[in-house]
Amino acid sequence: MKSDIADVEAVVRLYLEALHEGDTGTLGRVFAPDSALYAAIDGDATALAVGPWLDRVRNRKSARDSGFESRNAILSIETEGDMAMAKVTSAFPPKRFVDYLSLVRTAGGWRIVAKTYHAEDIPVT
């Protein structure tokens, strides 16, 4: 189990670093090809496939390139068999995000299969 937690943590750290840097190559490797992102926006449940989300990330200036230091952190990780859940926080001012990442162990290693997130406004510093 310790090894599973360490392996999941490594994937989640890659996700957070790639998110901060806008590295869509790495993001594409940590997400499973058919994964999606979910949120409640204006009172409606929304879903976005990972491909279009990667396009958005690719076409925007990264938090790093915008001059923001990483404020990303892993808050918790749980594993059970071939599944895991990670709670993380990240910031891309003027927004702060809390993500719940669902991961599964595949033949190629742990992959994110779903991201559910909440965003809130924060002061830009």
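The model shown is predicted, which means the values in this text are computed figures rather than measured ones.
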TODO: State plainly whether the residues R13 and E17 are in salt-bridge range, i.e. N to O under 4.0 Å.
DONE: no
Open item on the list: Taking the basic N atoms (NZ, or NE/NH1/NH2) and the acidic carboxylate oxygens, is any pair closer than 4.0 Å for D121 and K95?
Closed with: yes
Task: Pairwise side-chain hydrogen bond (donor to acceptor under 3.5 Å, both in side chains) hits with a residue in residues 40-56, at least two apart - done: D55-R58
Identify the heavy atoms of [X] and [Y] that sit nearest to each other, and give their distance.
| X | Y | value |
| --- | --- | --- |
| A91 | A63 | O-CB, 4.3 Å |
| F92 | K61 | CZ-O, 2.9 Å |
| H20 | S62 | O-CB, 3.5 Å |
| V57 | G22 | CG1-CA, 4.0 Å |
| E21 | R64 | CG-NH1, 3.5 Å |
| G81 | W110 | O-CH2, 3.9 Å |

Has [X] got a side-chain atom pairing as donor or acceptor with [Y]'s backbone, closer than 3.5 angstrom?
| X | Y | answer |
| --- | --- | --- |
| S66 | F68 | no |
| R96 | H118 | no |
| D4 | T79 | no |
| S102 | A84 | no |

Determine, using the 4.5 Å side-chain heavy-atom cutoff (strictly less than), whether [X] and [Y] are members of one ILVMFWY cluster.
| X | Y | value |
| --- | --- | --- |
| V113 | L14 | no |
| L101 | V98 | no |
| F31 | Y38 | no |
| M83 | V8 | no |
| L37 | M85 | no |

Open item on the list: So, taking the atom named CG in L19 and the one named OG1 in T24, what distance separates them when rounded to the nearest 0.5 Å?
Closed with: 11.5 Å
Open item on the list: To the closest 0.5 Å, what do you measure between OG1 (T89) and CG (L16)?
Closed with: 9.0 Å
Task: Side-chain heavy atoms of S35 within contact of V50, under 4.5 Å - done: yes
Task: Flag side-chain contact, heavy atom, 4.5 Å: P93 against R71 - done: yes
Should we say atom [atom1] of [X] is surrounded by more than 12 heavy atoms from elsewhere, each under 6.0 Å from it?
| X | atom1 | value |
| --- | --- | --- |
| Y100 | OH | no |
| E120 | CD | yes |
| D34 | CG | no |

